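Here the structure comes first, spelled out in structure tokens, and everything after it is commentary.
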Number of protein chains: 2
Amino acid sequence: MAEGVPARGGLRERKKKATRAALAEAAVRLAAEHGVENVTVDAICAAAGVSTRTFFNYFDSRDEVFVMIGADSGALVCDDVLAAPAGRAPLDVLREALAAELEEVEQQHETWRLHAEVLGSNPQLLARTLGAHMADELLLAEALAERVGAGSPLFTEDRPAHGSPQEQERRRALPLYPRLLAAVGGTAVRIAVEHWCVRQGETPFAEVFRETFEQLAAGLPEPPRPPDA
Amino acid sequence: MAEGVPARGGLRERKKKATRAALAEAAVRLAAEHGVENVTVDAICAAAGVSTRTFFNYFDSRDEVFVMIGADSGALVCDDVLAAPAGRAPLDVLREALAAELEEVEQQHETWRLHAEVLGSNPQLLARTLGAHMADELLLAEALAERVGAGSPLFTEDRPAHGSPQEQERRRALPLYPRLLAAVGGTAVRIAVEHWCVRQGETPFAEVFRETFEQLAAGLPEPPRPPDA
DNA sequence: ACGCAAAAATGCATGGCCTGCAAAAATTGA
DNA sequence: TCAATTTTTGCAGGCCATGCATTTTTGCGT
């Protein structure tokens with residue numbers, strides 16, 4: 001089959017992506033069939049046609065193959081936050097940055113639904129997901145801090161290596177507001193996605209998302225109409 | 001040392017408690033000394049004087065021995081939410097319910113500080129702790145839904161067994177507002193605790209907690225003063 | 001085409017985590 | 001003391017995860 005696109009990077013890079021995708025796909029498929037807990041790394045590798053050892057060249061743990069959501073989306077959100085025009089409300093900036101990143105969610109409905117189901121019925125996996133998520137959360141908190149701080153170069157010098165323990169410790173010491181904003185924003189996204197998934201997309205995701213952040217911006221007041229419908 | 005209290009229950013029951021405590025104590029002590037990741041179950045058991053197999057009669061996993069905090073606090077918060085006088089803003093109800101629970105916990109300051117230190121240096125464990133509290137989030141969402149719904153006995157009949165998969169699935173289908181409120185509330189608590197721990201309690205926890213929920217109630221506006229102090 | 005160097009995949013050994021099962025030890029109550 | 005119940009323990013086995021050495025694949029200059 002002639003490649004229409006040279007697919008930047010050589011065959012090497014493409015194969016890596018393919019292998020990773022094959023592993024993830026096989027994992028999700030087997031999980032849907034036998035339940036997440038009954039899917040071994042060996043089974044995934046057999047289905048994907050690679051050795052067991054290779055699996056751990058792509059994922060740090062068995063659970064990670066089930067998470068795999070928005071691997072690098074966190075950095076993109078941070079970029080959007082930092083690139084936003086000054087003077088806007090931080091929550092709005094965050095909302096729009098997240099919205100841009102979540103635009104494609106609707107198309108991967110099935111994937112997200114499956115993941116929500118899996119995570120919901122599996123505390124252990126949820127823990128892993130949250131663990132992965134929290135690194136992003138701290139990154140986001142830092143971006144928000146830089147945006148809000150406007151004049152707090154407290155931490156702009158002598159940065160340790162990216163992702164190092166010191167870096168993480170430093171981020172944990174960020175002011176309360178950006179930490180809270182980042183964490184609550186991430187939580188809001190999670191709830192919006194879960195809510196939308198459970199409802200099987202009977203409402204456009206964009207609307208659920210909008211309503212969620214409206215609630216946040218309004219200070220979580222009692223909802224206008226009781227859900228008696 | 002003569003037991004001041006007859007320790008209701010026979011020697012059997014006392015021994016179980018003692019063993020559990022010994023395991024937890026040994027685990028925390030070894031973790032403080034060598035780092036959480038370098039503490040094996042075997043080492044904990046050797047220090048506690050029991051067999052490795054026995055460990056798993058007391059804890060479902062290695063990590064659980066490090067968590068073990070506020071096991072049933074979730075239910076108490078739910079009770080407080082349901083018992084709150086009608087007419088109050090849901091966010092206020094939630095805040096006070098959480099505050100009541102956290103107040104009781106703050107008396108065990110030293111225990112918390114030690115655990116916070118351990119958890120703080122170990123995101124994976126923290127994530128696991130959060131995962132354990134995830135069930136609480138859905139429970140809390142349900143309590144908030146009952147309180148807000150005011151007249152939605154949709155689910156008050158034919159309840160499946162508590163904690164069953166159906167129960168959990170049903171809770172996930174709760175309306176957006178209580179889900180969001182429960183999740184955001186839990187997140188706010190987490191951020192408040194983390195912030196307070198990192199600052200080594202230089203500010204009373206109650207104040208951090210108050211400020212956090214003030215931010216939430218105000219819709220997360222840009223903070224009044226940049227944290228340049 | 002060819003061959004070399006870099007990168008990736010693999011096999012193997014090792015160690016930790018966790019579970020079921022059955023035997024041994026301890027506790028309880030009569 | 002004796003029998004019943006509960007707890008502890010050893011052991012086998014399976015899965016997860018990592019390090020190391022080896023083999024295979026890919027990229028690229030010649």
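Keep in mind it's a predicted model, so treat the numbers as computed, not measured. Order of the sequence lines sets the chain letters (A, B, ...), proteins ahead of strands, with each chain counted from 1.
- Cation-pi geometry between A:R95 and A:F209 is not met at under 6.0 angstrom from the ring centre and within 45 degrees of the axis.
- The distance between atom CD1 of A:I44 and atom C1' of D:dC15, rounded to the nearest whole Å, is 12 Å.
- Per the geometry, CZ belonging to A:R62 stands 13 Å off C1' belonging to D:dG14, to the nearest Å.
- We find that CD of A:E64 is positioned 10 Å from P of D:dT18, with the value rounded to whole Å.
- Atoms CD (A:E13) and C1' (C:dA7) sit 12 Å apart, rounded to a whole Å.
- In this structure, the CG atom of B:N38 is 14 Å from the C1' atom of C:dG15, given to the nearest Å.
- Side-chain contact between B:Y58 and B:K16: present, with at least one pair of heavy atoms (C-beta onward) separated by less than 4.5 Å.
- Atom pair B:D42:CG and C:dG16:C1' shows a separation of 8 Å (rounding to whole Å applied).
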Can you pull every protein N or O that's under 3.5 Å from an N or O on nucleotides 5-9 of chain D?
from	atom 1	to	atom 2	distance (Å)
D:dT5	O2	B:R12	NH2	3.3
D:dT6	O4'	B:R12	NH2	3.0
D:dT6	O2	B:R12	NH2	3.2
D:dT7	OP1	B:K16	NZ	3.2
D:dT8	OP1	B:Y58	OH	2.6
D:dT8	OP2	B:Y58	OH	3.4
D:dT9	OP2	B:S51	N	2.9
D:dT9	OP2	B:S51	OG	3.3
D:dT9	OP2	B:T54	OG1	2.6
D:dT9	O5'	B:S51	OG	3.4

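- Summarising the geometry, the separation between CG on B:L23 and P on C:dC18 is reported as 14 Å, rounded to the nearest angstrom.
- For the pair B:R62 and B:F56, the cation does not sit on the ring face, since its NZ or CZ is not both under 6.0 Å from the ring centre and inside 45° of the axis.
- What separates CZ of A:F56 from C1' of C:dT14 is a distance of 14 Å, to the nearest Å.
- Contact check for B:I191 versus A:E137: side-chain heavy atoms found under the 4.5 Å cut-off.
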